[in-house]
2 protein chains.
Amino acid sequence: MATASDVAKAAGVSISTVSYALSGKRSISATTRDKVLKTAEELGYLPHASARMLAAKRSQIIAVTAPLHQDTDHTVHMQFAMEVTKSARECDYDTLLLVHDDAMEGMRRSAGTALADGIAVLDVDADDPRADLARGLDYPVVFIGIPHDTTGLICVDLDFEAAAALAVDRLADAGHASIGLVSHPRITMDRGSNFPLRFLEGFERRCRERGIAFAVAYPEATSARRAINELLTALPGMSGLILNTGSEVAADAVPALGARGRSVPDDVSVIAAGAAYSTERFAVPLDTIPLDAHASCAAAVDLLVAAIDRGEREPRTVLIAPEYRDFDSVRRAGVAEDVSQASA
Amino acid sequence: MATASDVAKAAGVSISTVSYALSGKRSISATTRDKVLKTAEELGYLPHASARMLAAKRSQIIAVTAPLHQDTDHTVHMQFAMEVTKSARECDYDTLLLVHDDAMEGMRRSAGTALADGIAVLDVDADDPRADLARGLDYPVVFIGIPHDTTGLICVDLDFEAAAALAVDRLADAGHASIGLVSHPRITMDRGSNFPLRFLEGFERRCRERGIAFAVAYPEATSARRAINELLTALPGMSGLILNTGSEVAADAVPALGARGRSVPDDVSVIAAGAAYSTERFAVPLDTIPLDAHASCAAAVDLLVAAIDRGEREPRTVLIAPEYRDFDSVRRAGVAEDVSQASA
DNA sequence: CTGTTAGCGCCTTCAT
DNA sequence: ATGAAGGCGCTAACAG
């Protein structure tokens with residue numbers, strides 16, 4: 001490959017002029033800059049990444065640690081990894097994938113060898129060991145997700161508590177006084193995956209605040225049947241349902257309600273909250289409070305790049321405000337009851 | 001961070017002795033090696049990645065290009081990306097994720113800047129533009145998947161034709177003379193995604209060779225219902241079914257057959273072939289010819305590393321022989337008929 | 001077996 | 001506005 005000195009020779013300038021002409025880090029006469037740019041183009045010159053890294057003391061690489069648990073939703077996972085990558089590219093960074101087997105080792109290595117300039121941490125557990133590591137690293141790390149102890153960390157995530165409250169409010173405002181929540185599988189909860197916990201807390205708190213009768217069920221991996229049955233047992237009059245689940249369980253909720261003689265939205269109003277998928281093509285589209293991978297990852301990468309490039313490392317937690325997307329799966333409680341009484 | 005010269009000073013040796021003691025690239029007396037290793041340990045020395053890359057003319061990085069199509073099965077995708085990463089780590093390589101938006105640009109950049117030492121290409125279409133790029137790059141590239149024109153390329157994949165033939169043989173050997181195939185959604189086929197095509201060809205050829213009546217259906221994204229109905233219309237006597245589909249469609253196949261009054265395996269023998277998922281926890285576990293991400297990726301990484309480290313760049317296509325996993329979802333045709341007659 | 005030294009290709013300060 | 005030159009930290013000949 002052509003080097004900067006090749007370009008310099010061919011263009012009849014010095015090697016530093018080539019460097020500056022391409023980086024624009026100091027003023028260069030239009031004439032010589034054009035000449036340099038043109039010959040660089042002709043020679044197909046591209047700066048050697050390692051040489052640039054070494055001289056600039058920056059690798060322009062962000063490491064991504066994305067553990068794969070048995071219950072990991074790969075769809076969501078992949079979305080986040082790709083969104084981090086996309087956002088990183090927009091800031092002129094590449095992303096390096098760390099294997100989860102030795103996430104800690106990978107993080108230490110990235111930092112210790114300056115392989116990467118910073119790390120994005122995905123799929124954060126409440127009691128995530130990567131949090132302590134990050135605290136001891138003196139190295140830019142951003143968490144996409146919120147561990148229990150955020151001391152000293154930079155974290156970004158959807159505000160799941162607010163999302164839960166928003167969902168409850170929508171249903172309560174529509175007159176629903178008995179609301180069920182389908183949360184995540186037990187295995188996920190037991191692991192201490194944090195966002196389901198935060199959603200759950202937000203849900204319970206807001207229900208209490210508004211005097212709503214509520215119940216919670218934990219589905220199996222891909223079926224909502226048993227969870228729905230449990231909710232209907234606990235709340236026979238349940239007229240509102242919030243799904244904080246993966247897409248498969250969410251898609252199964254309407255049929256599961258149907259199997260118990262409830263139709264959506266006439267008998268039960270349903271909201272999918274913290275959903276990384278679209279419900280538009282469901283048999284019955286559901287009102288959604290999206291988990292926007294792009295928003296979270298773009299914000300996270302911005303923070304990480306700020307920490308790397310501008311040394312902005314003040315710990316902080318950025319909660320992304322939830323949005324509501326209406327697909328008409330929530331009806332007024334009174335109306336719904338009239339309809340069901342009429343048909344009864 | 002501590003540098004090699006820090007270690008050299010502290011250990012009272014020369015800098016090259018440090019380098020050699022750590023790389024083992026030339027013999028060193030046990031005494032001095034131990035001394036070097038110990039002080040390196042004490043100082044927490046880790047070689048600076050960029051410096052090492054520059055001097056060694058090798059980045060120890062493999063780029064991975066993994067396009068995300070609308071119909072991409074993220075589960076499979078993620079599996080492959082992670083398996084490449086794991087295998088790469090075992091060869092002391094890291095993996096860089098290329099965004100699919102500008103896959104070509106990313107490949108050119110990886111090669112042109114020596115950011116990566118080679119590229120692994122995932123999710124290969126029959127007419128994949130990355131193939132032509134690779135041919136023109138003079139740079140180690142390995143395809144995990146097989147484009148139509150493999151001239152000049154190194155490719156690795158499950159032998160989907162053989163897998164199809166194996167599935168047909170199993171059913172034919174068990175006396176089934178009428179076999180249906182649920183292939184991939186039309187959108188996937190239209191894109192020219194190659195492995196479904198190869199599977200389809202293998203299926204049709206072997207059916208013809210063995211004089212089997214056959215039919216093919218293309219399912220929707222997540223439901224097998226319509227596809228199953230189409231097959232039963234085309235082949236009213238269908239007693240064998242091959243599923244070359246994603247996990248959701250596969251899981252839906254048994255219920256879909258049930259809805260048409262067929263039970264598995266009594267009325268219909270079923271095989272999931274080219275399956276990247278496990279059927280063990282299906283209501284009815286299915287005989288499986290696995291699509292083993294680990295096997296494909298490990299082989300691919302080995303080839304890529306051989307190309308990088310040892311210059312072994314002869315084009316070739318490695319087809320991984322299919323294996324058969326028996327879960328008792330295939331019964332003898334005669335037996336099955338007796339049972340269904342008895343219950344009729 | 002070990003030390004000395006010349007780069008790797010680029011960035012950037014110091015001169016001019 | 002441009003050029004010259006000194007590293008960045010490591011590897012790998014080249015000398016002993």
Side-chain angles (χ1 to χ4, degrees), chain A residues 1-37 39-40 43-61 92 109-117 308-309, chain B residues 1-37 39-40 43-61 92 109-117 308-309:
Chain A
M1 283 307 291
T3 72
S5 88
D6 292 338
V7 177
K9 256 172 243 158
V13 299
S14 82
I15 188 172
S16 74
T17 300
V18 172
S19 175
Y20 286 119
L22 272 88
S23 72
K25 286 193 182 175
R26 84 179 183 192
S27 48
I28 299 252
S29 75
T31 341
T32 61
R33 190 191 44 236
D34 290 349
K35 189 170 51 188
V36 170
L37 261 43
T39 67
L43 296 183
Y45 168 74
L46 288 174
H48 191 93
S50 320
R52 187 217 277 277
M53 291 179 200
L54 180 59
K57 300 180 178 313
R58 196 139 292 176
S59 69
Q60 300 295 128
I61 290 178
D92 212 37
R109 196 167 53 88
S110 307
T113 67
L115 213 206
D117 296 328
I308 297 168
D309 288 350
Chain B
M1 285 307 292
T3 71
S5 87
D6 293 338
V7 177
K9 257 172 244 158
V13 299
S14 85
I15 187 174
S16 73
T17 300
V18 174
S19 175
Y20 287 120
L22 274 88
S23 71
K25 287 195 182 174
R26 82 179 184 192
S27 48
I28 299 254
S29 75
T31 341
T32 59
R33 191 192 42 236
D34 291 349
K35 189 170 52 186
V36 170
L37 261 41
T39 66
L43 297 182
Y45 168 75
L46 289 174
H48 190 93
S50 320
R52 186 215 277 277
M53 291 179 201
L54 182 58
K57 299 181 180 313
R58 196 139 291 177
S59 68
Q60 298 297 126
I61 290 177
D92 212 38
R109 195 167 53 88
S110 308
T113 67
L115 212 206
D117 296 329
I308 296 169
D309 288 350

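Note that these values count all heavy atoms, side chains included, but never hydrogens, waters or copies made by symmetry. Reminder, nothing fancy here: chain letters follow the sequence lines and each chain counts from 1.
The distance between atom NZ of Lys25(A) and atom C1' of dC10(C), rounded to the nearest whole Å, is 11 Å.
The side chain to side chain donor-acceptor pair (under 3.5 Å) pairs that include a residue from residues 44-54 of chain A number zero, where partners must be two or more places apart or lie in different chains. Legend: side chain to side chain donor-acceptor pair (under 3.5 Å) pairs involving residues 9-23 of chain A, not counting sequence neighbours, sorted by first then second residue: Ser14(A)-Ser16(A), Ser14(A)-Thr17(A).
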List every contact pair, protein side and nucleotides 2-4 of chain C side both N or O, where the distance is under 3.5 Å.
residue: dT2(C); atom: OP1; partner: Ser29(B); partner atom: OG; Å: 2.8
residue: dT2(C); atom: OP1; partner: Thr32(B); partner atom: OG1; Å: 3.3
residue: dT2(C); atom: OP2; partner: Ser29(B); partner atom: N; Å: 2.7
residue: dT2(C); atom: OP2; partner: Ser29(B); partner atom: OG; Å: 3.3
residue: dT2(C); atom: OP2; partner: Thr32(B); partner atom: OG1; Å: 3.0
residue: dT2(C); atom: N3; partner: Arg26(B); partner atom: NH2; Å: 3.4
residue: dT2(C); atom: O4; partner: Arg26(B); partner atom: NH1; Å: 3.1
residue: dG3(C); atom: OP2; partner: Ser14(B); partner atom: N; Å: 3.0
residue: dG3(C); atom: OP2; partner: Ser14(B); partner atom: OG; Å: 3.4
residue: dG3(C); atom: OP2; partner: Thr17(B); partner atom: OG1; Å: 2.5
residue: dG3(C); atom: N7; partner: Ser16(B); partner atom: OG; Å: 3.2
residue: dG3(C); atom: N7; partner: Arg26(B); partner atom: NH2; Å: 3.0
residue: dG3(C); atom: O6; partner: Arg26(B); partner atom: NH1; Å: 2.7
residue: dG3(C); atom: O6; partner: Arg26(B); partner atom: NH2; Å: 3.1
residue: dT4(C); atom: O4; partner: Ser16(B); partner atom: OG; Å: 3.1

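Within the 4.5 Å cutoff, the side chain of Val18(A) has heavy atoms near those of the Val13(A) side chain. Within the 4.5 Å cutoff, no side-chain heavy atoms of Asp6(A) are placed close to those of Met1(A). Annotation: side chain of Arg109(A) is not in contact with side chain of Leu46(B) (no heavy-atom distance under 4.5 Å).
Inter-axis angle, ends of the helix from dC1(C)-dG16(D) to dT16(C)-dA1(D), five pairs per end, rounded to 10 degrees: 40°.
In this structure, Asp117(A) CG and Ile308(A) CD1 are separated by 5.0 Å, a value rounded to the nearest 0.5 Å. Here the CG-OG distance, from Leu54(B) to Ser59(B), works out to 11.5 Å after rounding to the nearest 0.5 Å.
Looking at residues two or more places apart in sequence or on another chain, you find no side-chain hydrogen bond (donor to acceptor under 3.5 Å, both in side chains) involving Ser110(A). Checked against salt bridge (charged side-chain N to carboxylate O under 4.0 Å, His left out), Asp309(A) has the following partners two or more places apart in sequence or in another chain: Arg58(A).
DNA chain C is contacted by Leu54(B), Ala55(B), Lys57(B) of residues 44-57 of chain B, taking any non-hydrogen atom closer than 4.0 Å.
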Tell me which donor-acceptor pairs under 3.5 Å the side chains of residues 29-37 of chain A have, and how far apart each pair is, sequence neighbours excluded?
residue: Ser29(A); atom: OG; partner: Thr32(A); partner atom: N; Å: 3.3
residue: Ser29(A); atom: OG; partner: Thr32(A); partner atom: OG1; Å: 3.0
residue: Thr32(A); atom: OG1; partner: Ser29(A); partner atom: O; Å: 3.1

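Nucleotides of DNA chain D that come within less than 4.0 Å of any heavy atom of chain A span, from the 5' end to the 3' end, dA1(D) to dG9(D).
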